Every structure is written in C-alpha cells, then in structure tokens.
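Presented below is the structure to which this report refers.
Small disclaimer: the values here were computed from a predicted structure and weren't measured.
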Amino acid sequence: MAKSELQNITQLPKKLLSFYWKYGFCEHKSSLVLWMIGFLFMAIGNGVLFPNFQRWVVALFENPIPETVNLILYALPTIILITLTNMSLTTSELILSTVASRVQPVIRNQISETLTGYTHKQSMSFWVNKMAGSINSQIGYIENGTQAFFNIFDIVCRVLVIILNGTLLFAINRYVAYMFVFAIFFRILYAYFLRKKVKSSSEELSSVTSKLNGKLVDSFSNYTIVKLFAGANKEQQTLEKPRSEKIEKSIYSRYAIRLFWGIPGILWDLMFGATIVFSCLLYQRGEMMISEIVYTISVYLNVMGMIGMIINRFPDIIDMTASAKKAYKELVIPLDIVDKENAKRLQIKNGEIKFNNIYFKYRNRYVLKNLSLTIKPGERVGIVGSSGAGKTTLVNLLMRFYEPQHGNIQIDGIDINDVTQDSLRENIAFIPQEPTMFNRTIGENIGYGKYNSTVKEIRAAAKKASADKFIMDTEKGYNSLVGDRGIKLSGGQKQRIAIARAFLKNAPVLVLDEATSALDSETELAIQKSFDKLSHGRTTIAIAHRLSTLRNMDRIVVIDKGVIVEQGTHNALLRKRGEYYRLWKMQSGGFLQEK
C-alpha cells in the first residue's frame, strides 16, 4: 500500500480479520496462495508418504525375491522414488521458507505502519487516557496476531494428514483404525470443552501484561522525578500489584495449558501401547504383516507428534488471537476529529483569527461559554486568567485538538473545520511550557519544524533563536543527542531549541502557552527577546501566568470562568482597575497566584 493511501486512512474495519485481510494479506495474496499450496504439498508428503516409505522398505525384505533377480536392482525403483520425493519435499521447504521470510516481515510492518498512522490521527482526548507503553504493546499484539493465520493453516494441513492416515489405516485393519479414530476424537472433544478456559486465561494474562508494560514505561519515562524524590522504593511498591497480578495470571494460564494437553496426552500414550499389543495379536493370527505393523506404528508416532504440535500451538493461537482482538478493540476506536471529504489545504494570507460564540465542555462542565474573540492580522494578543479559566482550551480548539460543542473558529474567514488538520497545524507554530524533545540529535529536533530542512537552514534558525552558541559548545554540536525528553538540556536550552524550530517552521501564526513560566528571570529576559523577534509580523497568541511577559502585547484578553471579562492594553487595563488590575496586584515575583 502506498504511503499516501496510508496517510488518508481515517477509518479501519471493525473486525480484526477484515483489518488483517485489507491491510496485511490482500496485497500479497499471490505469494500467500503459493505458500499455502507448497505447504500443503509438504505437509502431505512428510505426514502421509513418510510412513509409507518405511512400509515399502520393510516390504522389500519381507516379500520373497526371485533367485534370478539382484536385490539392488529389485529395490532400485523404490529407492529412486523415495529419494526423488524427499528431494522434492526439501526443495519445497526451501521455497516456502524463502517466501515466508520475504512476505511475513512486510505484512507485519504494513500492519504496524497502518496502526501507528491511525493512532497518530487520534484526538487529544484519546492520548490523555492512554499510556505510550500500552499503545506500543497493543500494536505489537496485533502484529503478532498475523502469525496465528500461518499457525492455523499449519494445523489445517496437519488435520488433513491425520484424516488421510486414518483412512489408509482402515485399509490395513479397521480395528486398529477404530482405536486411532477414538483417540483423536477424544482429543478434539476435550480441546473443544476446554477452549474457553484457555482463551479467558490468555486474555486476562494479556490484559495485565499490557497494564504492567504501560506502568513500567511510565516509570522509566519519569526517572528524573524518581531520582529527585528518592522514589525507587515507591515505584517498586506501585508496580508490586500489577506484577503480582501478572504472576497470578501467568500461573493460571500455564495451568490451563497443562490441563489442555496433559490428560489427552496420557490417554494417547495408553492407546499407543494398546495398539502395539493388538498389532502383535493380529500378527500371531496372520492378519497383519510386519510392514503393516511398522506402518501402523509409524503413523501413530507421526500423528502423535502432529497432535502434540497442534496441542502446543493451539494455546499460542488462542493467546495471540485473544490478545490481538482485545488490543484491536481498545486501540482502533473511531476518530473524534476527521477532515471533511472535500477539505482543502489552508493557505493563510493575512492571519486574522475569529472565535465565534464558542461553547466547550469537558466532563459535563463548560470550560468556555459563548466566547467570541477577533484577533487582527499580525496582532499580538496575550491571554490571562486563573488556572481552569479556559486559556489553554482556547488554544487547543484553535489547533483542532478538540472541537467545540457550539460555534466555530475562522482564519482569514475560512472555517478551520473546512480545511485539513495537517495544513492548519502547518500554519501554526506552537511553543508549550515544556517543549517536547525527541531522543535524537539537536539538529533533528530543530529540523522537525520543516520537512527536509537543510543543515544551513537549521543553523540559521538556531542563530535567530540565540541557540547556536550553546549548541556549538556541546560535544558534537548539532549532532549531540538530547537524551530522553531532552534530559541533557536545561529548561532555557530546550526553549531556545523550540524557538529555533518555530523560526524554521516560519508559520504565519504563533502560539505561546506558558513558554517562560518555568525559567529564571535572567533566562526569561533573554528568551523574551527571541520571542519578540519571532512574533514580529505574525499573528501571535501568548498565554502566561507571569503577567510581566505580556506588558508589550498589543492587547491583553482576560478570561474568567470561560468568558472574556475585559480586554485592552496593559496600561489601559491597569487604569480600568478591573479584573486584570486585581490579578496584577495578586502577583508575587511576576506570577499570577490562585484565587
């Protein structure tokens, strides 16, 4: 499937099997059919012909040979037939392994690619309720589920071999065949009644494993907090319960699996011993030949191995399919926010932003109520208010991370719901309070602002952000790794990289969300100069608790309990002695205190 097709996927099949077919197997059906035919030929060859080979060889010595005929010449046709057949089977196995080694990784990768792309399209409400580790585990479970298809076909082929061998046994002695059929029937019936126990135990184990993996990733991702608060023991205690649950479910799952194959295995062993005894009695009575006894024993041993393999694989298949189904159900949920069918790419010419009668509620509580705000092209607007007033929500709606229950947002008179989400976000440079860093090089983190950016462009952006000096002082300059979430960098350095990224993006709209609140005053002052350069000529929205950072804004908008209570310049609002004046007086060191 082409990359462009994968990028346009906004809906996936409800059923896991349909998903596997459409996004995994469909493009490779010719190779899969070739594999299936070859595998069937190989399974029948090894499972049905091999016992007959033994029968034919023993028959060569069992039947009388004419005195005038040389034994080698007499046996040569049989030897050649067996040799050529074995060579054909070996060649088939080589071809099959080649096909499988080429196709299976491609299928798994395509499934992973599809799910990753779909997950990245999910709204913020999806991500805030998920752990990155759990999502990664779920994609892995769905990937692994493809192996169940190959295992199931393997089982189907082996069952067909068992049926063919049972039919051939009837031609030798029906009583021996009856014993053979009874043993197989008991195994199938036993497996049928125990399947739910094995399946439920596998699903429970999959669930607790995914939960534990998510908590482990969460713990590792926040190792700085663990270090700062000496929380190693606390983390062990937090993980103790999910670890215990995993141990408990693992023990129960293995118990169910042992129960699944143990009792039928013992019965099969008893039936095998009884078959040998019965064959001896039939030989004494002249009703069976030695070659037929050898064939019967070979069939039993062959089928015993096949059934053992089926029994061993069956729990794995149940485990893989159950885990894949559960993961698919949890991961592949409808997208909250999708582009319209004929959505166009946004091209901002002026940069005017309008919020029209916006209502937005979260968990039955309105965060924004009938909010209307117009931001002129190139205007720099500061948004202030107490925590929970709706400042960040306003920005999230502009970015279409969420959608309002009522009202709309326009840029240059165009409803943002009528344009593609990618083009909307490409036109907005967003700098959060704590910039997100990939565990990649400094150059790669800056270069994320523009696709296929050159080294020259990256360095030019860093210089504009006053970041080039500290970058060149690092061990490998722009090739220095920043560590997990940028742990190797200070808060001010991360902010400079985020600013450089925004310079490189060169978007007409700039959004700053508490971008300096975590910095010391000296660093804030230096970075504020970079922000001034970056915001020049761009429509800018800046959210800040530190009101002093907004003094030079063209306009300051005060939000309280989801509504705009006043707006104007810094000096005008102070003269008004309203809500902004009260907030300014409440500050200590430039920060806005809670009410």
Side-chain angles (χ1 to χ4, degrees), residues 123-128 336-337 346 348 351-362 365-412 414-417 419 421-436 449 495 498-499 501-502 505 507-518 531 534-535 538-547 549-550 553-565 567 592:
S123 66
M124 293 294 282
S125 59
F126 172 87
W127 288 99
V128 296
D336 288 341
I337 301 173
L346 175 64
I348 296 179
E352 182 186 60
I353 300 172
K354 283 187 177 182
F355 295 87
N356 300 314
N357 307 111
I358 300 295
Y359 283 85
F360 179 80
K361 63 180 178 181
Y362 179 72
R365 183 181 74 85
Y366 275 101
V367 181
L368 297 174
K369 293 175 284 188
N370 198 25
L371 185 145
S372 294
L373 173 65
T374 299
I375 302 173
K376 299 174 184 177
E379 185 180 17
R380 299 183 303 168
V381 174
I383 309 289
V384 301
S386 303
S387 294
K391 306 182 299 297
T392 300
T393 300
L394 197 67
V395 170
N396 286 335
L397 292 174
L398 174 64
M399 302 287 290
R400 272 197 88 190
F401 292 152
Y402 301 97
E403 289 192 325
Q405 280 76 38
H406 179 74
N408 65 22
I409 302 171
Q410 295 177 338
I411 298 179
D412 285 347
I414 300 170
D415 192 327
I416 63 172
N417 288 343
V419 300
Q421 295 175 68
D422 285 347
S423 68
L424 169 67
R425 292 161 193 159
E426 284 169 4
N427 279 281
I428 301 174
F430 179 75
I431 302 179
Q433 179 177 355
E434 185 176 348
T436 303
Q495 283 290 7
I499 295 168
R501 186 189 293 167
K505 189 173 185 179
V509 176
L510 174 65
V511 175
L512 309 170
D513 188 0
E514 308 286 0
T516 61
S517 63
F531 282 152
L534 180 59
S535 62
R538 306 176 200 274
T539 304
T540 302
I541 300 175
I543 297 172
H545 272 131
R546 187 178 287 178
L547 301 187
T549 63
L550 304 178
M553 287 285 156
D554 299 326
R555 182 162 44 122
I556 296 172
V557 176
V558 184
I559 298 179
D560 185 40
K561 296 179 181 178
V563 297
I564 296 174
V565 292
Q567 52 185 308
L592 177 61

Original post:
Does the side chain of Val558 reach to within under 4.5 Å of the side chain of Ile564, using non-hydrogen atoms?
Top reply: no
For Arg425 and Arg400, the nearest pair of non-hydrogen atoms, with its separation, is NH2-O, 2.8 Å
In short, Arg555 meets Ile375 closest at the heavy-atom pair NH2-CA, 3.8 Å
Practice problem: Would you mind reporting whether Asn370 and Val563 have side-chain heavy atoms less than 4.5 Å apart? | Solution: no
Side-chain heavy-atom pair Leu346, Ile416 within 4.5 angstrom cut-off = no
* **Within-4.5 Å side-chain heavy-atom neighbours: Ile541 and Leu510** => no
message: For the backbone of Arg380 and the side chain of Thr540, can you confirm whether one donor and one acceptor N or O come within less than 3.5 Å of each other?
response: no
* Is any side-chain heavy atom of Ile337 less than 4.5 Å from a side-chain heavy atom of Phe401? -> no
Between Lys361 and Gln405 the two heavy atoms that sit nearest each other are N-OE1, 2.6 Å
| task | Without swapping roles, check the side chain of Lys391 against the backbone of Gly385 for a donor-acceptor pair under 3.5 Å. | result | yes
Using side-chain heavy atoms (C-beta onward) and a distance below 4.5 Å, is Val384 in contact with Ile543? no
Of all heavy-atom pairs linking Ala507 and Glu426, the shortest is CB-O, 3.8 Å
Only residue of Asp412, Ile414, Asn408 satisfying side chain to side chain contact (heavy atoms under 4.5 Å, CB included) with Gln410 is Asn408
Minimal heavy-atom distance between Ala542 and Met553, with the atoms involved, is CB-CE, 3.7 Å
Output for pair (Thr392 OG1, Asp513 CG), nearest 0.5 Å, gives 4.0 Å
In short, Ile559 meets Ala389 closest at the heavy-atom pair CG2-O, 3.3 Å
| query | Has the side chain of Thr539 got a donor or acceptor atom that lies under 3.5 Å from a matching backbone atom of Gly351? | reply | yes
By ring pair (Phe, Tyr, Trp, His ring centres under 6.0 Å), Tyr402 pairs with (sequence neighbours left out) Phe360
Step by step, work out the side-chain contact (heavy atoms from CB on, under 4.5 Å) result for Val395 and Phe430. CA-CA 9 Å; Val395 170; Phe430 179 75; 3.5 Å; yes
Mind checking whether Ile358 and Leu397 have side chains closer than 4.5 Å, heavy atoms only? yes
Heavy-atom side-chain contact between Leu368 and Leu394 under 4.5 Å: yes
Legend entry - Note: Lys376-Glu352 ion pair, threshold 4.0 Å (strictly below): no
Between Val509 and Ile428, is the side-chain contact (heavy atoms from CB on, under 4.5 Å) condition met? List the steps. CA-CA 5 Å; Val509 176; Ile428 301 174; 4.1 Å; yes
task: Give a yes or no on whether the backbone of Asn417 and the side-chain of Glu403 come within a donor-acceptor separation of less than 3.5 Å.
output: no
For Asp422, the side-chain hydrogen bond (donor to acceptor under 3.5 Å, both in side chains) test, sequence neighbours excluded, returns none
Practice item. Carefully, step by step, assess Phe355 and Leu398 under the rule side-chain contact (heavy atoms from CB on, under 4.5 Å). Key: CA-CA 9 Å; Phe355 295 87; Leu398 174 64; 4.2 Å; yes
* With distance as the sole test, does Ser372 use its side chain to make a donor-acceptor pair with the main-chain N or O of Asn357 at under 3.5 Å? -> yes
CG (Leu373) and CG (Asn356) are apart, to the nearest 0.5 Å, by 9.5 Å
